[in-house]
Amino acid sequence: MRLLGKLGLAVAACLLGANWAAADTTVKWLHIEANPAQVKIWEEVARSYEASHPGVKVEMQFLENEAYKAKLPTILQSKDRPNIIYSWAGGVLKTQIEAGVLDDITDQVKGYGDSLTPAALAAFTSNGKVYGLPTALSQVGFLCNRELMAKAKVDPAAIKSWDDLLTAVKTLKGAGVTPIVVGGADKWPLHFYWTHLAVRIGGKGAFDAALRGENGGFAGETFQKSGELFKQLVDLQPFQNGFLGFKNPQAVGYFGDGKAAMTLAISTVYHLQRALAADKVGLSEDKICWFDFPVVPGGKGAPTDTLGGITGWLITKGSPKEAVDFLKYFVSKDVQTRLAAGNFIIPVVQGADAGLNNSFMKLIAANLAKSNYHQNFYDQSLGPSVGRVVNDVTAEIAGGSMNPQDAAKAIEAAWKQGN
């Protein structure tokens, strides 16, 4: 009996130890989301997961977009690195895989991945191995202010070609309206112009050929011409005063404050401008309009080709199994439907688009559904070192310190050096 008592105590101690170990399981989740309304839902989802998984704590951590990009390589080398990190996929993901800082989660998401948009899941897959899960799709285009456009008698629906856009800029300036606001200090918002022009001029074929080093690579005709057309716009001085000193959140808030007629932005800015406006109200749905990036006459890209992101989450090396389990819970039909209903995302889980209840989000979802070529952001797609050069040279074209030809050559040189 004494022996059984000792055994019972030992078993109880083991069980208690197991419970204590479970209670110590913390999933660290690092994100860059600046919209408090969306973060509030994320927090509610995390608390819900904790309630159904006793002993697991989900700890959310925030870093501002640019700080995240700058600090992430160092963070990933730390022993105390987060378990779930934000990702734009592309070449940056490839670099992280090669650095050995990510976990292969293929087996843990087997079957589950069948519920996701195939192209979105493919963005987080390399050599048949899955390293993360997508969460949303986005499109880059022009958000516009109906009242300011009407003040200048500019019809956004009539802006179809690049020349139409240049004419609209001149007309807006003539009416005393700031045509476009941009966060030039962060550089990447400026790269949307150069990149989107390349998509329109050369289509997928030009980009794929440049990756192979054909037709002059990124120094070829398509990419020089995209810089030349961008300079046509820059020469009209379309941006707000001091645009190279504006960070992107400041620029989004400026648009939300009704101080500029347009902003070339990711579709998520539709909602974000409200959170970043001075009055935290921003532009209501009836005051916002949208038009796709204009076509370039003679361009090989289709008008339905889109530029945007496929964003998601990666699992870092050595993370507890609960990190993947929580991620599957987070990227679920129920949560995606809820986020879609709040107009926060274009979902990647099949059936979650039923949550979309707003004409703007439905429009973006329809555009993405029609697109046969969705180009990921160049600064992500080409990897961190080349991406920095893309952003730097487009900012220099905008600032007048580099010509389009030298900009294209600099990108090609960076691509050759890294490949």
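Below, all heavy atoms of this structure are taken into account, side chains as well, without hydrogens, waters or symmetry copies. For clarity, every value in this text was computed on a predicted model and none was experimentally measured.
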| Do D325 and K328 sit within salt-bridge range, that is, some charged N less than 4.0 Å from a carboxylate O? | no

| field | pair E50-V58: side-chain heavy atoms closer than 4.5 Å | value | yes

| Roughly how far, to the nearest 0.5 Å, is CG of L102 from NZ of K317? | 8.5 Å

| message | Any salt bridge linking K409 with E412? Criterion: basic side-chain nitrogen under 4.0 Å from a carboxylate oxygen. | response | no

| message | For a 4.5 angstrom cut-off between non-hydrogen side-chain atoms, does V182 reach F246? | response | no

| task | Mark yes when over 12 heavy atoms from residues, nucleotides or ligands other than D235 sit less than 6.0 Å from its CG; otherwise mark no. | result | yes

| task | Can you see which heavy atom on N83 is nearest to which on A323, and at what distance? | result | CB-CB, 4.0 Å

| Do you see a donor-acceptor pair shorter than 3.5 Å between the side chains of D379 and N391? | yes

| query | Does the ring centre of F124 sit less than 6.0 Å away from the ring centre of Y131? | reply | no

| field | Any residue meeting salt bridge (charged side-chain N to carboxylate O under 4.0 Å, His left out) with D279, in chain and number order, not counting sequence neighbours | value | none

| said: Exactly one of F62, Y86, W313 should register a ring pair (Phe, Tyr, Trp, His ring centres under 6.0 Å) with W29. Which one does? | reply: W313

| message | Less than 4.5 Å apart, side chain to side chain, heavy atoms only: is that true for Q375 and F207? | response | yes

Scan the side chains in residues 253-266 for donor-acceptor partners under 3.5 Å anywhere in the protein, sequence neighbours excluded, and list what turns up.
from: D257; atom 1: OD1; to: A278; atom 2: N; distance (Å): 2.8
from: T263; atom 1: OG1; to: V181; atom 2: O; distance (Å): 3.1

| Evaluation steps, side chain to side chain contact (heavy atoms under 4.5 Å, CB included), between K69 and Q380 | CA-CA 11 Å; K69 289 177 184 175; Q380 296 299 322; 4.0 Å; yes

| query | Taking side chain as C-beta onward, heavy atoms only, is L72 less than 4.5 Å from L76? | reply | yes

| said: Using a strict threshold of under 4.0 Å (side-chain N to carboxylate O), is an ion pair present between K204 and D208? | reply: yes

| said: Are there over 12 heavy-atom neighbours, none belonging to K160, within less than 6.0 Å of that residue's NZ? | reply: no

| query | So, N367 and D292: side-chain donor and acceptor under 3.5 Å apart, yes or no? | reply | yes

| Any chance the side chains of Q96 and E98 put a donor and an acceptor closer than 3.5 Å? | no

| request: Would you verify whether the NZ or CZ of K231 falls within 45 degrees of the ring axis of W194 while also being under 6.0 Å from that six-membered ring's centre? | output: no

| Taking the six-membered ring for Trp, are W88 and F377 ring centroids under 6.0 Å apart? | no

| Between D163 and S161, a side-chain donor and acceptor under 3.5 Å | no

| message | Rounded at 0.5 Å granularity, tell me how far CD1 in I397 sits from CG in D406. | response | 9.5 Å

| note | Applying side chain to side chain donor-acceptor pair (under 3.5 Å) to Q273 and not counting sequence neighbours gives none

| Residues K187 and D392 bridged, charged N to O under 4.0 Å | yes

| Salt bridge R212-E214, side-chain N to carboxylate O under 4.0 Å | yes

| Do N65 and D186 pass the side chain to side chain contact (heavy atoms under 4.5 Å, CB included) test, and can you show the C-alpha distance, the side-chain angles, and the key distance before you say yes or no? | CA-CA 9 Å; N65 189 308; D186 285 336; over 6 Å; no

| Note: E44-K40 ion pair, threshold 4.0 Å (strictly below) | yes

| query | Is there side-chain contact between N215 and E221, with heavy atoms separated by less than 4.5 Å? | reply | no

| Got L233 and V169 here, is their nearest side-chain heavy-atom distance under 4.5 Å? | yes

| Approximate separation, where rounding is to 0.5 Å, of T337 OG1 and N357 CG | 11.0 Å

| field | Trace of the side chain to side chain contact (heavy atoms under 4.5 Å, CB included) decision for K173 with Q237 | value | CA-CA 9 Å; K173 288 194 76 169; Q237 298 183 327; 3.5 Å; yes

| task | For Y329 and S48, test the side chains for any donor-to-acceptor distance below 3.5 angstrom and give the result as yes or no. | result | yes

| What about H53 and Y49, are their ring centers closer than 6.0 Å? | yes

| Any side-chain heavy-atom pair of P82 and I75 under 4.5 Å | yes

| field | Check: S284/D286 side-chain N/O donor and acceptor closer than 3.5 Å | value | yes

| request: May I ask you to check whether E285 and S359 show a side-chain donor-acceptor distance below 3.5 Å? | output: yes

| request: Would you mind reporting whether Q139 and W290 have side-chain heavy atoms less than 4.5 Å apart? | output: yes

| field | Stepwise side chain to side chain contact (heavy atoms under 4.5 Å, CB included) check, F293 with V199 | value | CA-CA 10 Å; F293 194 88; V199 169; over 6 Å; no

| request: Taking atom types as modelled, find out whether S381 and N376 have a side-chain donor-acceptor pair closer than 3.5 angstrom. | output: no

